[in-house]
Every structure is written in structure tokens, then in C-alpha cells.
A.B. asks: 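Quick one: structure below, then a few questions.
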Amino acid sequence: MIAGYFVVLIIIAYLTSRKATSESFFIANRNAPWYMVAFAMIGTSLSGVTFISIPGMVASQSWSYMAVVLGYIVGYLVIGTVLMPLYYRLRLVSIYTYLEQRFGFWSYKTGALFFLISRAVGAAFRLFLVAGVLQFAVFDGLGVPFAVTVTVSIFLIYLYTFRGGLKTILWTDTFQTMAMLVCVGVSIYLMADELNLGFAGLVKTVKESTMSQIYFSDPKDDKFFWKQFASGAFITIVMTGLDQDMMQKNLSCRSLPDAQKNMFWFTLAIVVVNVFFLSLGVLLYQFAAAKGIQLPLNPATGKVIGDNVFPLLATNHFSLFAGIVFILGIIAVTYASADSALTALTTSFCVDMLDIKQYDEAKQKQLRQATHFGFSIVLIIIILIFRAINDQSVITSVFKAAGYTYGPLLGLFSFGIFTSRGLTDKLVLPVCVVAPLLTWFINANSKAWWGYEFGFEILMLNGLITFLGLLAISRPRNLELNPVA
């Protein structure tokens, strides 16, 4: 089944990558239908970690994550009305080109560098976690070593993306998004059937569960609704609007109005999909309780390990058919995220670091394919390092550290869009390095200092510190040198 799945992806890649150019690879020739982009972005915006973690977290966090999802709506509104018009007006291929036009060389390279670090570590972390699930569920039983699983998986991603890039990914991610949604739907249906729940009973069960709570009581609680809501808005602005991976698809639409339609319908879809994931989580715990299944506990805390719940039930307690659907679903959502990340890393490095536009098409193709292969190797190496460390807390800390690097992007773009001042360009990189370190220090001590525990809103603090640092090195702007507002 897994082999057949990849055969389908490679066939799609073959059909869509013929006569592909660098423009096809980077922005799909700017003629992608908006409705395809909207649907394909669902799979890209999620990941295997989301697929496993959101259902698993409802026992400890209830539906507090729904506040983050509702915050997404505000974030996508800002992207559609503020960032997209800017990107389309400047006809950008890499969104970080804006920073060069607005501030200068070092600001541009700093933004691109922070994206490359964030996305490389983030994509590798997500692939590492899901590869572990696939290794446990499938490949250990076949005697396939973990290194082989990872290498072959990334090689397959490289194989179906290296020619067509974004032009191919829009089609493969459409297919993979459909596979992921079918998996979630089938899992919900089969559990509801086992629990003798019709549609009305299913809705009632989810609605009345204590795991469907949203928290409005204590502002210091990291689950407090308005903290989560604001965090969701800023996470969306930064990790979609200021992220080459997500914006590359939006820039492939034929026009700004098409891109905005794509963003509107995608926003509605992503809210609905997350409701399904949270509902699935409630049903997983209800199913386990009804069947008397002992869920895996963390020996240190005695609490259920949420990330293990869906994989455990799907591969050990669901039917064979449901188990296969789960495996295909997790592959779909993982590779929809990973193939897009690999293409975005290639795009950013080629455009932002190699200035690929200065070469003819033949040289561009050579550089593009070499870069694409190079980042495939980088992802394999990072994943194998994670495996060698074999300490989940250390690996999670590395991933969180990569998340800190989005704060400087928030600060840089905010300063560029909402002020008219210029910057002392050579000091931008030091400011953007110091800001995440200072944010980490405050986060590590905030509970002891103020009894306040940061959640996702740490991104806002990081962006604010970066903004203030940039303000300190700012100067009145020379409009002749920096005409981009």
C-alpha cells in the first residue's frame, strides 16, 4: 500500500513536471487555480506532528487549542489584506527580497538565513517524529533500519519534486490532502460505529465531554482563551505570512484577487479540519475507555502520553483496514508538509543566497537541482542526529529553539511595514541574534519572577524585543535609496 501510494505521487510528478522551468519550480508560472492552492495548503499547513498531537492533547489541554485556531482567522485576515498586496505589488519570488528593497543587503540575508534555519530544523523534527511512528508500526517488523527508512523516504520526496517543484507539489498536495481527510473521516466513522453512535450521538458525545472545554478563567494559565487566541493570530502571521514555504503557494495564483479568494476559503477549511481533529481526539479517549484499553503513561508524571494514543489505537486496536488508512493518512500529511518545505528551502537558497536570476535557464536548472539534492541530504543528517541523541526532551528543545527564530522575522517585517524609518543595515543581524536569546532568558525565569507562564505568545515577546532593537538602530529613511514602503 505504501509503495503504491508513492507510485501515484511519482506518476503525478511525471505528468506535471514536463517542460518545467525555474519559474515553474519556484512559483508554478503564476497561473495556479486559487481553489487548488486553497485545498493543497490544508495538507501543507498541517504535519504528522499535528496529525498525532492535536487528537492526543485533548486529555490534558481539552479544546484549548480551538482558541489558537480561531486566532488563525485574524492572522489570515492580516495576511490577505496587508502582506499579500505588498508581495504581489513587488512581484516577489522570495518574500525576503522585500527586506533588501526596504532596508538593505544584511537585513535581506538575515531574514532568509533565519527562515532557512527555522524551516530546516522544523521539517526535520516533524519528519523524525513521524518516521519513528512508521518505523514502529511498519518497518521494524520488516527488519528495515531507521536510517534506511528516513533516507528512502526523503529520496522519494526528492524524486517527485526535483523537476517540477511547486508546479508538481500543488497536484501532489491536493492528492495528499484528500488522503489525510479520508483518514480522519474513516477513523471518526469507525469509532462512532464501534460506540454505536449516529451523527447526533456523535455530536452530543463530543459536546458533552469534559475534554471539550475552552478555558476563560485564569489569565496566568497557558490555556487561557485570549492568550491562545492572540497567539494563534501571530503564529499565523509569522509561520504563514512571513514563511516562504506557505507564501510560495499563494504567490503562484494568477492575481492578487485570486490569492485572496484562496486565503478566504482556506481559512474556513482549516478551522473545520481542526474541529475534526479535536473531535477525533475526544472519540479516541472515549473508545479506549469503552474498550478498557490501557493507554501509555509517562512514568515520570503518571499522565497519558498523548502523542502515542492515536498510533497505538490505530495500529493495535482498530481493524486492519483502519490501521492501513491511518498509516496512509500519516504519510499523506507528513509528506505534504515535507515536500513543500524542501521546495521552499531550495527556492529561498537559490533566490536569496545564490541570486539565481543572474544565470541563464540551463545554469539555473543545474544550481536548482544541486540545491534541492543538498537540502535533502541536510534533512537526512539532522534526522539521524536526532536519532543518535535519542533524548526526546533535548530534541524538543532544539525544535523550540528553531521556533524562536521566527520572532526576528516578525520584528523585521513589522518594522518595515508599520514605520517609515531606515536601519543601520550592518547591525540588523546582531539585533536578530540577541532578541531570541533575551526572549529565551525571560521565558526561563518568568514563572519565578512573576508567576506567569508563557505559552505560544512567546512569539509576540520575541517579535517585540526584535522591533525595539531595530528601533534602537534606526534612522530617518533615505527615500531615494529605499523606495519600498
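We're numbering straight along the sequence, starting at 1. FYI, side chains are in, hydrogens and waters are out, and symmetry mates aren't considered; it's all heavy atoms of this structure. What you see is a predicted model; the values in this text were computed from it and never measured.
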A.B. asks: For T177 and T174, indicate whether the former's side chain and the latter's backbone hold a donor-acceptor pair under 3.5 Å.
C.D. replies: no

A.B. asks: Under 6.0 Å between the ring centres of F51 and F277?
C.D. replies: yes

A.B. asks: Any donor and acceptor pair, going by atom type alone, linking the side chain of S212 with main-chain N or O of V206 inside 3.5 Å?
C.D. replies: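 At least one qualifying donor-acceptor pair exists.
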
A.B. asks: Hey, would you say the Y76 and F266 ring centroids sit under 6.0 Å apart?
C.D. replies: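 Judged by ring-centre distance (under 6.0 Å), Y76 and F266 do meet the cut-off.
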
A.B. asks: Considering the options Y158, F349, F162, which one meets the ring-ring contact (aromatic ring centres under 6.0 Å, His included) requirement together with H372?
C.D. replies: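 Testing each of Y158, F349, F162 against H372, the sole residue satisfying ring-ring contact (aromatic ring centres under 6.0 Å, His included) is Y158.
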
A.B. asks: Under 4.0 Å between a Lys/Arg side-chain N and an Asp/Glu carboxylate O for E194 and K291?
C.D. replies: yes

A.B. asks: Within the side chain of T371, is there an N or O that forms a donor-acceptor pair under 3.5 Å with the backbone of L367?
C.D. replies: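 Side chain of T371 to backbone of L367, a donor-acceptor pair under 3.5 Å: yes, one is there.
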
A.B. asks: For the backbone of S94 and the side chain of T97, can you confirm whether one donor and one acceptor N or O come within less than 3.5 Å of each other?
C.D. replies: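 Indeed, once roles are kept as given, a pair shorter than 3.5 Å links the two residues.
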
A.B. asks: Return yes if some donor-acceptor pair links the side-chain N/O of S62 with the main-chain N/O of S64 below 3.5 Å, else return no.
C.D. replies: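 No.
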
A.B. asks: Find out whether M84 and M247 are in side-chain contact, i.e. whether some heavy atom of one side chain is under 4.5 Å from a heavy atom of the other.
C.D. replies: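 Answer yes - side chains close enough.
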
A.B. asks: Do K167 and S17 have side chains that approach each other closer than 4.5 Å (heavy atoms only, starting at C-beta)?
C.D. replies: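 With C-beta onward as the side chain, the pair stays apart.
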
A.B. asks: For the pair T149 (side chain) and P145 (backbone), establish whether a donor and an acceptor sit closer than 3.5 Å, ignoring hydrogens and angles.
C.D. replies: yes

A.B. asks: With a 6.0 Å cut-off on the ring centroids, do Y98 and Y87 count as close?
C.D. replies: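 Ring-ring flag for Y98/Y87: false, centres at least 6.0 Å apart.
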
A.B. asks: Does any N or O in the side chain of N262 come within less than 3.5 Å of the main-chain N or O of Y35, such that one atom is a donor and the other an acceptor?
C.D. replies: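 Judged by distance alone, no pair lies under 3.5 Å.
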
A.B. asks: Strictly by modelled atom types, are D352 and Q244 linked by a side-chain donor-acceptor pair under 3.5 Å?
C.D. replies: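 Note: D352 and Q244 side chains miss the donor-acceptor criterion.
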
A.B. asks: For N250 and M246, indicate whether the former's side chain and the latter's backbone hold a donor-acceptor pair under 3.5 Å.
C.D. replies: yes

A.B. asks: Once rounded to the nearest 0.5 Å, what's the spacing between atom CH2 of W63 and atom CD1 of I54?
C.D. replies: 11.5 Å

A.B. asks: Can a salt bridge be assigned to the pair D360 and K363 using a cut-off of 4.0 Å between side-chain N and carboxylate O?
C.D. replies: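 K363 and D360: not salt-bridged.
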
A.B. asks: Between D339 (side chain) and I157 (backbone), is there a donor-acceptor pair under 3.5 Å?
C.D. replies: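 Such a contact is absent between D339 side chain and I157 backbone.
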
A.B. asks: For the pair I79 and T236, evaluate side-chain contact (heavy atoms from CB on, under 4.5 Å) and give the outcome as yes or no after the intermediate values.
C.D. replies: CA-CA 8 Å; I79 292 168; T236 300; 3.8 Å; yes

A.B. asks: Taking the side chain as everything from C-beta on, heavy atoms only, tell me whether L113 gets closer than 4.5 Å to M353.
C.D. replies: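 Yes, side chains in contact.
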
A.B. asks: Compare every heavy atom of Y108 with every heavy atom of V351, then report the nearest pair and how far apart it is.
C.D. replies: O-OH, 3.3 Å

A.B. asks: Could you walk me through whether I382 and F125 satisfy the side-chain contact (heavy atoms from CB on, under 4.5 Å) test, starting with their C-alpha distance in whole Å, then the side-chain angles of each, then the deciding distance to 0.1 Å, before giving a yes or no?
C.D. replies: CA-CA 8 Å; I382 296 174; F125 175 80; over 6 Å; no

A.B. asks: Between the side chains of D245 and S340, is a donor N or O closer than 3.5 angstrom to an acceptor N or O?
C.D. replies: yes

A.B. asks: Y5 and ring-ring contact (aromatic ring centres under 6.0 Å, His included): which partner among Y335, F175, Y160?
C.D. replies: F175

A.B. asks: Are any of the side-chain heavy atoms of Q248 and I95 separated by less than 4.5 Å?
C.D. replies: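 Heavy-atom side-chain distance check fails, nothing below 4.5 Å.
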
A.B. asks: Report yes or no: do Y72 and N274 form a side-chain donor-acceptor pair below 3.5 Å?
C.D. replies: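 Distance-only check fails for Y72 and N274.
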
A.B. asks: Roughly how far apart are L354 CG and T346 OG1, rounded to 0.5 Å?
C.D. replies: 10.5 Å

A.B. asks: Would you check if Y88 and C253 make a side-chain contact, meaning some heavy-atom pair closer than 4.5 Å?
C.D. replies: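 Sidechains of C253 and Y88: in contact.
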
A.B. asks: Are more than 12 heavy atoms, taken from residues, nucleotides or ligands other than F146, located less than 6.0 Å from that residue's CZ atom?
C.D. replies: yes

A.B. asks: Going through the distances and angles, do S22 and K365 end up as a side-chain hydrogen bond (donor to acceptor under 3.5 Å, both in side chains)?
C.D. replies: CA-CA 7 Å; S22 290; K365 181 179 179 181; over 6 Å; no

A.B. asks: Could you report the tightest heavy-atom contact between P408 and T405, atom names first, then the distance?
C.D. replies: CD-O, 3.4 Å

A.B. asks: Is the shortest side-chain heavy-atom distance between L251 and F26 below 4.5 Å?
C.D. replies: no

A.B. asks: Between S252 and K249, is there a donor-acceptor pair closer than 3.5 Å when you use the side chain of the first and the backbone of the second?
C.D. replies: yes

A.B. asks: Take atom CZ in F234; do more than 12 heavy atoms of anything else shown fall under 6.0 Å from it?
C.D. replies: no

A.B. asks: For atom CH2 of W34, decide whether the heavy atoms of other residues, nucleotides or ligands shown that lie under 6.0 angstrom number more than 12.
C.D. replies: yes

A.B. asks: Less than 4.5 Å apart, any side-chain heavy atom of L202 and any of L283?
C.D. replies: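 SC-SC contact between L202 and L283 confirmed.
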
A.B. asks: Does the side-chain hydrogen bond (donor to acceptor under 3.5 Å, both in side chains) test come out yes or no for Y406 and N462, once each step is laid out?
C.D. replies: CA-CA 8 Å; Y406 278 103; N462 196 353; over 6 Å; no

A.B. asks: Taking atom CE of M178 as the centre, report whether more than 12 heavy atoms of other residues, nucleotides or ligands fall under 6.0 Å from it.
C.D. replies: no

A.B. asks: Decide yes or no for I10 and L156: does some side-chain heavy atom of the first lie under 4.5 Å from some side-chain heavy atom of the second?
C.D. replies: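 Result yes, sub-4.5 Å side-chain heavy-atom pair found.
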
A.B. asks: Kindly determine whether I42 and M180 satisfy side-chain contact (heavy atoms from CB on, under 4.5 Å), including the steps that lead there.
C.D. replies: CA-CA 10 Å; I42 297 172; M180 180 269 294; 4.0 Å; yes

A.B. asks: To the closest 0.5 Å, what do you measure between OG (S319) and CZ (F326)?
C.D. replies: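 Interatomic distance, S319 OG to F326 CZ, rounded to 0.5 Å: 13.5 Å.
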
A.B. asks: Could you tell me whether R18 sits above the aromatic face of Y14, with NZ or CZ closer than 6.0 angstrom to the six-membered ring centre and within 45 degrees of the axis?
C.D. replies: yes

